[in-house]
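First the structure, in the form of structure tokens, and then the observations on it.
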Amino acid sequence: MKDTLDVIVVGGGHAGLEAACAAAKMGAKTHLFTILIQNLALASCNPAVGGLGKGHLVKEIDALGGVMGEITDRCGLQFRTLNASKGPAVRGTRAQIDMDLYPIIAKKVALTTPNLSVSQELITDLIIEESEGRKKVLGVKSNLGKSYYAKCVILTTGTFLRGLIHIGEKQLKNGRFGELSAENLPHSFSQIGLEVGRLKTGTCARIDGRSIDFSNLEAHFGDANPPHFSARTKDFNPVQIPCYVTYTNQQTHDLIRENFHRTPLFTGQIQGVGPRYCPSIEDKVYRFSEKERHQLFLEPQTRDCLEYYINGLSTSLPTDIQEELIHTIAGLENARITRYGYAIEYDFVQPTELKHTLECKKCENLFLAGQINGTTGYEEAAALGLMAGINAVCKARGMDSFILRRDEGYIGVMIDDLVSKGTNEPYRVFTSRAEYRLLLREDNAYLRLGEYAYKYALISPQDFQKIQKDKQDIARALDFLNSTFITPTQANKQLLESLQLQPINDKTTLAQTINNATNHSLCAITKAFGLDLQTLSDEALMQICIESKYATYIAKQAESIQNMQEMLKVEIPKNFAFDNIPGLSLEVIEKLKKFTPKSLFEASQISGITPSSLDVLHLYIHLRSKNA
């Protein structure tokens with residue numbers, strides 16, 4: 001197969017699926033290697049997609065032509081908007097999924113995508129060429145003794161790199177329970193000279209749904225008007241299933257404390273760092289000893305509800321203790337465990353080894369995506385996989401790279417955080433990580449990123465035409481609302497009151513009256529003043545309401561972005577002295593002196609140079625130019 005492939009993708013998780021589908025959609029001859037084809041894009045841990053920050057990623061993946069949103073909409077069991085009472089910038093869509101159905105759909109998507117082939121093989125080595133001090137990946141070798149060659153290789157290995165499972169004192173060399181770990185592939189990283197670290201994640205026990213007593217548990221239902229993820233989903237009307245809430249108690253906590261000596265987390269058996277925002281139950285009991293109870297969610301794993309996931313009870317305790325502690329919890333007194341919880345350690349590559357394209361700095365044509373980059377979560381992995389897939393094809397074809405700025409998407413924020421700062425713990429996305437979150441809302445992802453998706457042939461011309469029409473309709477309506485005035489006549493006051501819109505006492509623009517408008521009241525008020533919006537899409541009408549309500553704040557953020565872009569054009573004077581600049585850390589100063597960037601943009605591309613460092617540097621360049 002030498003020189004026959006454009007892109008090889010190693011690993012069939014969420015990152016691998018998105019990378020392979022994106023590359024193939026772009027017309028690249030792509031091959032995906034996975035250990036078990038039936039486990040393509042398997043939900044290894046919680047049976048859910050989205051959430052705060054993570055929902056933004058799924059919407060952006062969908063806007064860029066990815067598949068996660070569409071698959072989730074097809075196999076979702078419950079859909080909710082989190083933070084629904086708060087502003088649109090911090091709302092997050094979350095779905096419970098049928099975790100058995102998700103990989104079935106994912107497998108069909110992979111096997112029916114043109115230009116994409118899939119095989120069940122374990123990759124053991126990278127084929128690397130070194131010439132004049134430069135390393136370049138040429139292909140991969142599998143455990144079947146076969147070699148495959150491609151212009152670019154994407155590694156999306158998840159938790160499989162020297163994966164080690166911990167259940168009490170028991171240790172298993174698995175990448176996921178019951179599946180082989182990739183023991184040999186990390187040796188190739190030594191050949192390249194990559195900085196490799198060790199991280200940890202974990203999962204909880206699963207319970208036979210027939211053994212749960214739901215009678216005294218609080219049910220949590222999906223939204224009456226359920227949100228969906230994909231802009232391409234039509235006629236969305238899912239049959240939703242409730243989740244249930246229960247709690248740990250003092251008996252649970254006492255049992256855990258009594259068995260700290262058997263917990264791998266505390267015995268030194270586990271060396272890797274776990275996710276700060278998703279600690280195990282033993283870690284929570286240890287760190288928050290004053291808390292009398294911890295909330296747990298019983299989440300159905302499939303539509304038949306035969307298994308439930310206990311969200312909040314991730315553990316690596318021995319199996320006998322897991323059984324005892326579960327029986328201390330209300331509703332689970334007679335619960336039967338179908339799968340035990342465990343912790344897993346695995347290798348990752350420090351993401352400062354990567355360019356913003358996700359290509360390795362030390363090995364040309366080698367891209368990394370997903371948990372190998374130090375992230376945690378299906379959504380983060382899928383987003384990185386999508387970007388790696390696009391950039392691998394761009395590299396193979398000699399095209400310009402595709403890099404999202406921090407002001408363009410949460411994907412851009414995540415990648416910039418990772419490659420600039422690195423990570424020593426599993427990284428996850430939060431809305432608080434984005435400086436421009438008012439502009440990076442879930443609801444406008446398709447408008448922000450749709451042109452990129454069309455440019456790379458990841459969405460259809462029909463989908464792009466819809467985006468263009470919505471943009472034109474929104475611009476036309478906003479112009480009308482900002483240029484049309486309403487006076488406080490009796491008739492106008494009655495009209496506003498009937499539509500439950502902002503009352504007025506002075507002449508004002510229509511835009512200032514629609515603070516709390518619905519799509520219906522927006523259409524009614526504009527029609528009364530001569531503009532019929534009835535033919536606009538629901539998405540466009542929602543954008544008009546949001547853009548009007550937050551116009552002042554949106555304008556301020558847009559101005560801030562413009563200032564940042566102008567700032568990055570500033571040249572750094574020759575022989576500029578970086579030493580002793582207040583506000584710059586010694587690490588930042590050392591890197592600036594080492595790489596001697598010619599502009600602030602070049603400085604921004606150096607790992608560890610944060611936006612705040614750039615602000616400080618810009619200030620001192622300005623001050624020294626004034627004093628020169």
Q | Side-chain ion pair, Arg406 and Glu435, N-O less than 4.0 Å | A | yes
(Q) Tell me whether Glu307 is salt-bridged to Arg339, with the criterion being a basic N under 4.0 Å from an acidic carboxylate O. (A) yes
Q.
If you take the centroid of each ring, where Trp contributes its six-membered ring, are Phe214 and Tyr308 closer together than 6.0 Å?
A. yes
Q: May I ask you to check whether over 12 heavy atoms, not counting those of Lys362, lie within 6.0 Å of atom NZ?
A: yes
Q. Is Glu408 close to Arg448 at the side-chain level, that is, under 4.5 Å between some pair of heavy atoms?
A. no
**Q.** Partner set under ring pair (Phe, Tyr, Trp, His ring centres under 6.0 Å) for Tyr309, not counting sequence neighbours
**A.** none
Q: Answer yes or no: is there an ion pair linking Lys59 with Asp443, defined by an N-O contact shorter than 4.0 Å?
A: no
Q. Counting N and O atoms only, with roles assigned by atom type, does the side chain of Asp98 sit under 3.5 Å from a partner on the main chain of Leu101, one being a donor and the other an acceptor?
A. yes
Q | Nearest heavy-atom neighbours spanning Ala445 and Ala63 | A | O-CB, 3.4 Å
Q. Is there a donor-acceptor pair closer than 3.5 Å between any side-chain N or O of Asn143 and the backbone N or O of Ile123?
A. no
Q.
Walk me through whether Ser316 and Glu282 qualify under side chain to side chain donor-acceptor pair (under 3.5 Å).
A. CA-CA 8 Å; Ser316 59; Glu282 49 266 39; 3.2 Å; yes
Q. Does the separation of the ring centres of Tyr286 and Phe266 fall below 6.0 angstrom?
A. yes
Q | N-O pairing of Lys54 and Glu380 below 4.0 Å | A | yes
Q | Main-chain N/O of Gly69 paired with Asp62 side-chain donor or acceptor, under 3.5 Å | A | no
Q: Fit a plane to each ring of His220 and Phe297, take the angle between them on a 0 to 90° scale, and name the class: parallel (under 30°), tilted (30 to 60°) or perpendicular (over 60°).
A: perpendicular
(Q) Between Thr156 and Gly11 (side chain of the first, backbone of the second, donor and acceptor by atom type, cut-off under 3.5 Å), is there such a pair? (A) yes
Q. Run the salt bridge (charged side-chain N to carboxylate O under 4.0 Å, His left out) check on Arg91 and Glu442 step by step: do they pass?
A. CA-CA 8 Å; Arg91 294 172 193 160; Glu442 275 195 2; over 6 Å; no
Q: Start with the C-alpha distance between Leu57 and Ile411, add both sets of side-chain angles, then the distance that settles side chain to side chain contact (heavy atoms under 4.5 Å, CB included), and finish with yes or no.
A: CA-CA 7 Å; Leu57 288 180; Ile411 295 175; 3.8 Å; yes
Q: Search all heavy atoms of Gly374 against all heavy atoms of Leu199 and return the closest pair with its distance.
A: CA-CD1, 3.8 Å
Q) Got more than 12 heavy atoms from elsewhere within 6.0 Å of CZ, Arg74? A) no
Q.
Distance check, rounded to the nearest 0.5 Å: Ile344 atom CD1 versus Ile165 atom CD1?
A. 4.5 Å
(Q) Within this structure, what is the CG-CG distance for the pair Leu32 and Leu40, rounded to the nearest 0.5 Å? (A) 6.0 Å
(Q) Side chains of Ile415 and Leu404, heavy atoms from C-beta outward: is any pair under 4.5 Å? (A) no
Q. Does Leu265 reach the side chain of Ser280, with side-chain heavy atoms less than 4.5 Å apart?
A. yes
Q) Does a side-chain N-to-carboxylate-O contact under 4.0 Å join Arg94 and Glu299? A) yes
Q: Taking Asp223 for its side chain and Asn225 for its backbone only, find out whether a donor-acceptor pair lies under 3.5 Å.
A: no
Q | Phe367 vs Cys360 side-chain heavy atoms within contact, under 4.5 Å | A | no
Q | Full working for side chain to side chain donor-acceptor pair (under 3.5 Å) between Ser585 and Glu587 | A | CA-CA 5 Å; Ser585 69; Glu587 179 188 5; 4.9 Å; no
Q. Is there side-chain contact between Asn424 and Val273, with at least one heavy-atom pair below 4.5 Å?
A. no
Q. Sub-3.5 Å donor-acceptor pair from the side chain of Thr233 to the main-chain atoms of Asp73, do we have one?
A. no
**Q.** Lys170 to Leu172 - nearest heavy-atom pair and separation
**A.** CE-CD2, 3.7 Å
Q: To the nearest 0.5 angstrom, please state how far the CZ atom of Arg437 sits from the CZ atom of Arg441.
A: 13.5 Å
Q: Check whether any side-chain N or O of Asn311 sits under 3.5 Å from a backbone N or O of Leu296 as a donor-acceptor pair, and report yes or no.
A: no
Q) So, do Tyr102 and His14 have ring centers that fall under 6.0 Å from each other? A) yes
Q: Calculate, to the nearest 0.5 Å, the distance between atoms NE2 and CD belonging to His327 and Gln322 respectively.
A: 11.5 Å
Q.
Could you tell me if the side chain of Val285 sits less than 4.5 Å from the side chain of Arg257, heavy atoms only?
A. yes
Q: Could you tell me whether Arg428 and Glu379 make a salt bridge, using a distance below 4.0 angstrom between a side-chain N and a carboxylate O?
A: no
Q) For the atom pair CG (Leu368) and CG (Leu194), what is the distance rounded to the nearest 0.5 Å? A) 7.0 Å
Q. Quick one: are Val90 and Leu82 in side-chain contact, heavy atoms under 4.5 Å?
A. no
Q) Taking C-beta and beyond as the side chain, do Arg162 and Ser181 meet within less than 4.5 Å on heavy atoms? A) no
Q. Got a sec: does the CD of Glu292 have more than 12 other heavy atoms crowding it under 6.0 Å?
A. no
Q. What pair of heavy atoms forms the shortest contact from Ile310 to Ile326, and how long is it?
A. CD1-CD1, 4.1 Å
Q) Ignoring hydrogens and geometry, is there a side-chain-to-backbone donor-acceptor pair from Glu333 to Gly331 under 3.5 Å? A) yes
Q: Answer yes if the side chains of Glu179 and Asn39 hold a donor-acceptor pair under 3.5 Å, and no otherwise.
A: yes
Q) How are the rings of His253 and His294 set relative to one another: parallel (under 30°), tilted (30 to 60°) or perpendicular (over 60°)? A) tilted
(Q) Taking the cut-offs as 6.0 angstrom to the six-membered ring centre and 45 degrees off its axis, would you call Arg433 and Tyr427 a cation-pi pair? (A) yes
Q: Of all the heavy-atom pairs spanning Thr338 and Ile207, show the shortest one and how long it is.
A: OG1-N, 4.0 Å
(Q) I need the single residue from Ile329, Thr248, Thr252 that forms a side chain to side chain contact (heavy atoms under 4.5 Å, CB included) with Arg293. Which is it? (A) Thr248
Q.
So does Pro47 get a backbone contact from the side chain of Gln96, meaning a donor-acceptor N/O pair under 3.5 Å?
A. yes
Q. Just how far is it from atom CD of Glu18 to atom CG of Leu64, taken to the nearest 0.5 Å?
A. 10.0 Å
Q. For Asp304 and Thr302, what are the C-alpha separation, side-chain angles and deciding distance, and is it a side chain to side chain donor-acceptor pair (under 3.5 Å)?
A. CA-CA 5 Å; Asp304 59 19; Thr302 57; 2.4 Å; yes
Q) Side chain of Asn391, backbone of Met387: donor and acceptor closer than 3.5 Å? A) yes
Q.
Looking at Glu425 and Arg276, is there a salt bridge between them, counting it only when a charged N and a carboxylate O are closer than 4.0 Å?
A. yes
Q: Would you please test Ile105 and Cys75 for side chain to side chain contact (heavy atoms under 4.5 Å, CB included) and show each step?
A: CA-CA 8 Å; Ile105 300 172; Cys75 69; 4.0 Å; yes
Q.
Which heavy atom of Phe160 sits nearest to which heavy atom of Leu180, and what is that distance?
A. CD2-O, 3.1 Å
Q: Could you please spell out the steps behind the side chain to side chain donor-acceptor pair (under 3.5 Å) verdict for Thr124 and Asn184?
A: CA-CA 5 Å; Thr124 57; Asn184 294 325; 5.4 Å; no
